[in-house]
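A quick write-up on the structure given underneath.
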Amino acid sequence: MRVSAAANGKQMSAILADEAIDLVVLDLRLAGEDGMAIVRTLRDQSAIPIVMLTGVRDEADRVMGLELGADDYLTKPFSPRELLARIRTVLRRTKGAGQAHARQREIRAYRFDQFELNLRTRRLKRRDGPQIDLTNGEFNLLAAMLAAPQRILTRDQLLEASRVYDNEVYDRSIDIQVLRLRRKIEADPSQPQFIVTERGVGYTLNTPVEVLY
């Protein structure tokens with residue numbers, strides 16, 4: 001497992017904004033901060049699983065945290081093996097819930113080549129590199145292509161699929177959006193390796209894609 005540590009709520013928010021996180025382990029007793037408020041904010045903003053850490057006598061905190069939407073809790077002191085077991089149980093439960101359509105809606109990010117597109121924050125980031133700014137139209141188009149990699153998609157299919165990620169109908173000129181997107185992700189936009197033109201039909205995203213739930 002890859003772990004990102006945060007000393008406070010502000011650091012946690014920054015990590016959640018930049019990375020695709022599978023689960024949050026949250027100590028309710030943070031210096032100078034209200035752990036319950038953090039649980040409430042997390043649950044209002046996303047469905048990310050939460051495992052709370054509490055003191056042995058903090059029954060009221062455990063009950064309140066579960067009522068606010070936390071998925072499980074662990075009382076101190078605890079062993080690393082028990083923590084891992086709780087994490088794996090929660091991940092199995094949350095990832096296995098729902099049908100295929102529900103899981104599609106829960107996708108948080110796509111990874112391809114050296115890029116990661118976070119659907120929650122609508123940000124594209126190069127691995128070990130800077131964030132790449134996308135317009136709404138560019139984000140919608142890229143997300144639609146990543147959902148159907150290595151398949152030929154017509155312009156009409158791309159327009160319809162992009163509406164999953166934004167209710168507003170963006171610029172209908174798919175070709176212009178593709179051109180702008182190529183300039184941001186292709187090493188040589190004139191010889192694209194990712195977004196390949198299928199003449200007379202549409203476009204194909206010609207790269208393997210990893211889905212992050």
Q) Out of curiosity, does Val90 fall in the hydrophobic cluster containing Val63 (side-chain heavy atoms, cut-off under 4.5 Å, transitive links)? A) no
(Q) If I compare all heavy atoms of Leu212 with all of Ala20, which pair ends up nearest, and what's the gap? (A) CD1-CB, 3.8 Å
Q. In Å, rounded to the nearest 0.5 Å, how long is the span from CD1 of Ile195 to CG of Leu181?
A. 4.0 Å
Q. Does the side chain of Arg180 reach to within under 4.5 Å of the side chain of Thr135, using non-hydrogen atoms?
A. no
Q.
Is there a side-chain contact between Gln193 and Ile185 in this structure, where contact means two heavy atoms from C-beta onward sitting under 4.5 Å apart?
A. no
Q: Report yes or no: do Leu23 and Phe78 belong to one cluster of Ile/Leu/Val/Met/Phe/Trp/Tyr joined by side chain heavy-atom distances under 4.5 Å?
A: yes
Q: Please confirm whether the backbone N or O of Lys10 pairs with a side-chain atom of Asn8, one donor and one acceptor, at under 3.5 Å?
A: yes
Q.
Please find the pair of heavy atoms, one from Arg183 and one from Pro189, that lie closest to each other, and give the distance.
A. CA-CG, 3.9 Å
Q. Just one of Arg155, Gln157, Arg151, Glu198 clears the side-chain contact (heavy atoms from CB on, under 4.5 Å) bar with Tyr203, so which one?
A. Arg155
Q. For the atom pair CD (Gln191) and CD (Glu186), what is the distance rounded to the nearest 0.5 Å?
A. 10.0 Å
Q | Side-chain (Gln11) to main-chain (Ala7) donor-acceptor, under 3.5 angstrom | A | yes
Q: Please go through Ile15's hydrophobic cluster and name the other residues, only I, L, V, M, F, W, Y counting, with side-chain heavy atoms under 4.5 Å joining them.
A: Met12, Leu16, Ile21, Val24, Leu26, Leu28, Leu30, Met36, Ile38, Val39, Leu42, Ile48, Ile50, Met52, Met64, Leu66, Leu68, Tyr73
Q: Kindly give the heavy-atom pair with the smallest separation between Lys125 and Asp18, and that separation in Å.
A: CD-O, 4.1 Å
Q | Donor-acceptor contact present, side-chain Gln177 to main-chain Leu141, <3.5 Å | A | no
**Q.** Residue pair Asp22, Arg108: steps toward the salt bridge (Lys or Arg N to Asp or Glu O under 4.0 Å) verdict
**A.** CA-CA 9 Å; Asp22 294 308; Arg108 293 198 315 283; 2.9 Å; yes
Q. What pair of heavy atoms forms the shortest contact from Leu119 to Phe139, and how long is it?
A. CD2-CZ, 3.9 Å
Q: Would you please test Asp27 and Lys76 for salt bridge (Lys or Arg N to Asp or Glu O under 4.0 Å) and show each step?
A: CA-CA 10 Å; Asp27 192 333; Lys76 306 172 189 177; 2.9 Å; yes
Q) CG/Leu158 to CG/Leu142 distance, rounded to the nearest 0.5 angstrom? A) 11.0 Å
Q. Are Leu205 and Val211 connected, step by step, through hydrophobic side chains (Ile, Leu, Val, Met, Phe, Trp, Tyr) whose heavy atoms are closer than 4.5 Å?
A. yes
Q: Any chance you could lay out the side-chain contact (heavy atoms from CB on, under 4.5 Å) test for Asp72 and Leu74, step after step, and finish with the verdict?
A: CA-CA 7 Å; Asp72 202 353; Leu74 203 54; over 6 Å; no
Q. When clusters are formed from ILVMFWY side-chain contacts under 4.5 Å, directly or step by step, what else is grouped with Val3?
A. none
Q: Could you give me the CA-CA distance, side-chain angles and deciding distance for Thr75 and Glu82, then say whether side-chain contact (heavy atoms from CB on, under 4.5 Å) is met?
A: CA-CA 10 Å; Thr75 56; Glu82 184 179 6; over 6 Å; no
**Q.** Atom pair CD1 (Ile176) and CD (Glu138), whose distance is rounded to the nearest 0.5 Å
**A.** 11.5 Å
Q: Measure the spacing between CZ of Arg127 and CZ of Phe115 and express it to the nearest 0.5 Å.
A: 10.5 Å
Q.
Would a single hydrophobic cluster contain both Ile132 and Leu146, if residues Ile, Leu, Val, Met, Phe, Trp and Tyr are joined by side-chain heavy-atom contacts under 4.5 Å?
A. yes
(Q) For a quick test of reading the model, state the closest non-hydrogen atom pair linking Tyr110 to Ala143 and the distance between them. (A) CE1-O, 4.1 Å
Q: With side-chain contact (heavy atoms from CB on, under 4.5 Å) as the test, would you mind laying out the steps for Leu124 and Lys184 before giving the verdict?
A: CA-CA 10 Å; Leu124 178 65; Lys184 295 183 177 181; 5.8 Å; no
(Q) To the nearest 0.5 Å, what is the distance between CZ on Arg111 and OG1 on Thr207? (A) 14.0 Å
Q: Supply the members, apart from Val196, of the Ile/Leu/Val/Met/Phe/Trp/Tyr cluster built from side-chain contacts under 4.5 Å; use none for a lone residue.
A: none
(Q) Is the shortest side-chain heavy-atom distance between Phe194 and Asn206 below 4.5 Å? (A) no
Q: Go through Leu117 and Leu134 one step at a time and tell me if the side-chain contact (heavy atoms from CB on, under 4.5 Å) criterion holds.
A: CA-CA 10 Å; Leu117 182 70; Leu134 298 177; 4.0 Å; yes
Q) Quick one: does Arg182's side chain get under 4.5 Å of Ser190's, heavy atoms only? A) no
